[in-house]
Chemist: 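This structure is in structure tokens; I'll ask about it shortly.
Order of appearance sets the numbers: ligands from 1, and atoms from 1 within every ligand. The structure displayed is predicted, hence computed values, not measured ones.
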Amino acid sequence: MGTSLDGKVALVTGASSGIGKEVALSLSRQGALVVAGARRADRLAELEAVAPGRIRAVSLDVTDRSSVQAAVDVAVSEFGSLDLLVNNAGVMLVGPVLGADTEDWARMIATNLMGSMHMIHAALPHLLASKGTVIQTSSTSGRIASAGSSAYAATKFGVNAFVEALRKEVTTQGVRVVVIEPGFTASELTSHIPDPRTRAMADQMASSMRTLQPEDIAGAVIFAATQPHHVSVSEILVRPTDQEQ
Ligand code: NDP
């Protein structure tokens, strides 16, 4: 029998849009108590308002360690435990190495890599206590490095390495570690690409295929999270059928 999410406490980062928002909604639909974190409070307030179950918005900047700790503390103090961390916040400021604004690299490393690591660091004592689950949003860029996505791929390869080492440290203590690697998914992620040529290429790629929808990735999260506790789904790579790479 699968694990029910009813009454489980989940913390979802990057819940104000795209994949994280759909994950928060899906978990809430399954009866989980969801702490939804991101920087844009207005978007989170809208999410709280449409939640099918209990969603508690929390202001979270994963690049700020005190904010990370505060979000974990909200989950534990208000709901009594932490069963599931969905480490999803990320930015994709891609473009060629030549002429890149290295501040974009620093932001991606601080958000996608260090942000994920700090979230896990703060959540882990509670996940060990609850025999909980970490679900890490990585990317196909965590497996395949493509021209134009060097620093982004470095953060996703990095986070894959971090959580694989974590898995080896905690799996026999009952904490499950899951990596989800989405392919091209319709969201606002590409709209933040600073380089106009790279942004246009991403838009062109999106219009050339049937992309995934955030719901498709939320489905993968629910699949992994509802397996019986002795089943640890270590890795899920989900690509659009039309995506070759
Ligand atoms: P979105 O841009 O829609 O979502 C990104 C989320 O991350 C937002 O909720 C944003 O919220 C949040 N975020 C960004 N920076 C921070 C921060 N410093 N602190 C807290 N939250 C932050 O894109 P997606 O839903 O597509 O992306 C979600 C994840 O999926 C990312 O990790 C991305 O790399 C990954 N992914 C996406 C793919 C795609 O094709 N869309 C493919 C593969 C992986 P706010 O700005 O309000 O803080």
Side-chain angles (χ1 to χ4, degrees), residues 11-26 34-47 55 57-72 85-94 104 106-119 122 135-146 149 151-160 163 179-193 199 201-203 205-207 209-218 220-221 235-240 242-243 245:
L11 171 55
V12 182
T13 74
S16 59
S17 61
I19 293 169
K21 179 181 172 186
E22 279 311 317
V23 168
L25 287 169
S26 297
V34 180
V35 177
R39 294 166 303 174
R40 288 170 296 177
D42 53 334
R43 298 285 199 97
L44 293 176
E46 285 166 26
L47 179 63
I55 293 189
V58 66
S59 170
L60 169 65
D61 180 347
V62 297
T63 68
D64 172 350
R65 279 189 235 177
S66 58
S67 172
V68 164
Q69 188 61 54
V72 170
L85 169 65
V86 183
N87 227 0
N88 167 79
V91 287
M92 188 179 74
L93 311 172
V94 282
D104 292 337
R107 250 185 82 201
M108 285 193 284
I109 291 166
T111 310
N112 306 359
L113 182 56
M114 292 303 292
S116 296
M117 290 162 62
H118 284 303
M119 285 301 314
I135 299 187
Q136 176 69 48
T137 309
S138 178
S139 172
T140 46
S141 293
R143 293 169 61 115
I144 303 152
S146 307
S149 72
Y152 179 71
T155 66
K156 295 298 189 178
F157 270 72
V159 87
N160 277 19
V163 298
V179 182
I180 297 188
E181 297 156 328
F184 208 118
T185 307
S187 78
E188 60 182 67
L189 194 71
T190 54
S191 70
H192 303 298
I193 296 173
R199 194 167 61 243
M201 277 163 60
D203 289 343
M205 194 174 160
S207 58
M209 69 164 84
R210 294 164 297 161
T211 63
L212 298 175
Q213 297 300 317
E215 293 84 344
D216 300 321
I217 304 305
V221 169
E235 192 173 8
I236 307 180
L237 170 63
V238 193
R239 283 186 283 226
D242 298 341
Q243 181 178 335
Q245 287 284 316

Chemist: Hey, does M92 sit under 4.0 Å from ligand 1 if you only count heavy atoms?
Modeler: no
Chemist: Which of the numbered atoms in ligand 1 are under 4.0 angstrom from any heavy atom belonging to E188?
Modeler: 1 (P), 2 (O), 3 (O)
Chemist: Among all the protein's non-hydrogen atoms, which is closest to atom 25 (O) of ligand 1, and how far away is it?
Modeler: I19 N, 2.7 Å
Chemist: Starting from atom 22 (C) of ligand 1, locate the nearest protein heavy atom and write down its residue, its atom name and how far away it is, to 0.1 Å.
Modeler: A89 CB, 3.7 Å
Chemist: Do the charged groups of K21 and E188 touch, with an N to O distance under 4.0 Å?
Modeler: no
Chemist: Tell me which part of A15 gets within contact of ligand 1: side chain, backbone, both or neither, using heavy atoms under 4.0 Å.
Modeler: backbone
Chemist: Take every heavy atom of N112, measure it against each atom of ligand 1, and state whether any distance is under 4.0 Å.
Modeler: no
Chemist: Is the closest heavy atom of G183 to ligand 1 under 4.0 Å?
Modeler: yes
Chemist: Is D242 salt-bridged to R210, cutoff N-O under 4.0 Å?
Modeler: yes
Chemist: Please confirm whether S138 approaches ligand 1 to less than 4.0 Å, judged on its heavy atoms.
Modeler: yes
Chemist: Which residue and atom name correspond to the protein heavy atom nearest atom 35 (C) of ligand 1, and how close is it?
Modeler: T137 CG2, 3.7 Å
Chemist: List every atom of ligand 1 that sits less than 4.0 Å from any heavy atom of F184, numbering the atoms from 1 in the order shown and giving each element.
Modeler: 40 (O)
Chemist: Hey, is S187 touching ligand 1 through its side chain, its backbone, both or neither, going by heavy atoms under 4.0 Å?
Modeler: side chain
Chemist: Which residue holds the protein heavy atom closest to atom 11 (O) of ligand 1, what is that atom called, and what is the gap in Å?
Modeler: S16 OG, 2.8 Å
Chemist: I need the contact type for T111 against ligand 1. Using non-hydrogen atoms and a strict under-4.0 Å cut-off, is it side chain, backbone, both or neither?
Modeler: side chain
Chemist: For the residue pair E181 and N160, confirm or rule out a side-chain donor-acceptor distance under 3.5 Å.
Modeler: yes
Chemist: Give a yes-or-no answer on whether the side chains of T140 and Q245 include a donor-acceptor pair shorter than 3.5 Å.
Modeler: no
Chemist: Hey, which atoms in ligand 1 end up nearer than 4.0 Å to a heavy atom of P182?
Modeler: 42 (C), 43 (C), 44 (C)
Chemist: Is the number of heavy atoms from other residues, nucleotides or ligands within 6.0 Å of CZ (R199) greater than 12?
Modeler: yes
Chemist: Which of the numbered atoms in ligand 1 are under 4.0 angstrom from any heavy atom belonging to G90?
Modeler: 5 (C), 7 (O), 14 (C), 31 (C), 32 (O)
Chemist: Heavy-atom contacts with G18 under 4.0 Å: which atoms of ligand 1 show up? List them by number with element.
Modeler: 3 (O), 25 (O)
Chemist: If you define the side chain from C-beta out and look only at heavy atoms, does anything of E235 sit under 4.5 Å from L237?
Modeler: no
Chemist: Quick one: does V72's side chain get under 4.5 Å of M119's, heavy atoms only?
Modeler: yes
Chemist: May I ask you to list the atoms of ligand 1 that are less than 4.0 angstrom from any heavy atom of L60?
Modeler: 19 (N), 20 (C)
Chemist: I need the atoms of ligand 1 closer than 4.0 Å to a non-hydrogen atom of K156, numbered in the order shown.
Modeler: 32 (O), 33 (C), 34 (O)
Chemist: In the protein, which heavy atom is nearest to atom 32 (O) of ligand 1, and how far is it?
Modeler: N88 O, 2.8 Å
Chemist: Quickly, which of L189, L212, T190 forms a side chain to side chain contact (heavy atoms under 4.5 Å, CB included) with F184? Name it, please.
Modeler: T190
Chemist: What protein heavy atom is closest to atom 41 (N) of ligand 1, reported as residue, atom name and distance in Å?
Modeler: T185 O, 3.0 Å
Chemist: Considering heavy atoms of the protein only, find what lies nearest to atom 19 (N) of ligand 1 and give residue, atom and distance to 0.1 Å.
Modeler: V62 N, 2.9 Å
Chemist: Do M108 and L113 have side chains that get closer than 4.5 Å, going by heavy atoms?
Modeler: no
Chemist: Output the list of atoms in ligand 1 that are nearer than 4.0 Å to some heavy atom of Y152, sorted by atom number.
Modeler: 33 (C), 34 (O), 36 (N), 44 (C)
Chemist: Are V68 and L60 packed together at the side-chain level, in the sense that at least one heavy-atom pair is separated by less than 4.5 angstrom?
Modeler: yes
Chemist: Does a side-chain heavy-atom distance below 4.5 Å link T137 with N87?
Modeler: no
Chemist: Give yes if a backbone or side-chain nitrogen or oxygen of G20 is under 3.5 Å from a nitrogen or oxygen of ligand 1, and no if not.
Modeler: no
Chemist: Out of Q136, E22, R39, whose heavy atom is nearest to atom 14 (C) of ligand 1?
Modeler: R39
Chemist: For residues N112 and Y152, determine if any side-chain heavy atom of one lies less than 4.5 Å from a side-chain heavy atom of the other.
Modeler: yes
Chemist: Nearest protein heavy-atom contact for atom 4 (O) of ligand 1: which residue, which atom, what distance?
Modeler: S17 OG, 3.3 Å
Chemist: Do the side-chain N and O atoms of S17 and R40 include a donor-acceptor pair separated by under 3.5 angstrom?
Modeler: yes
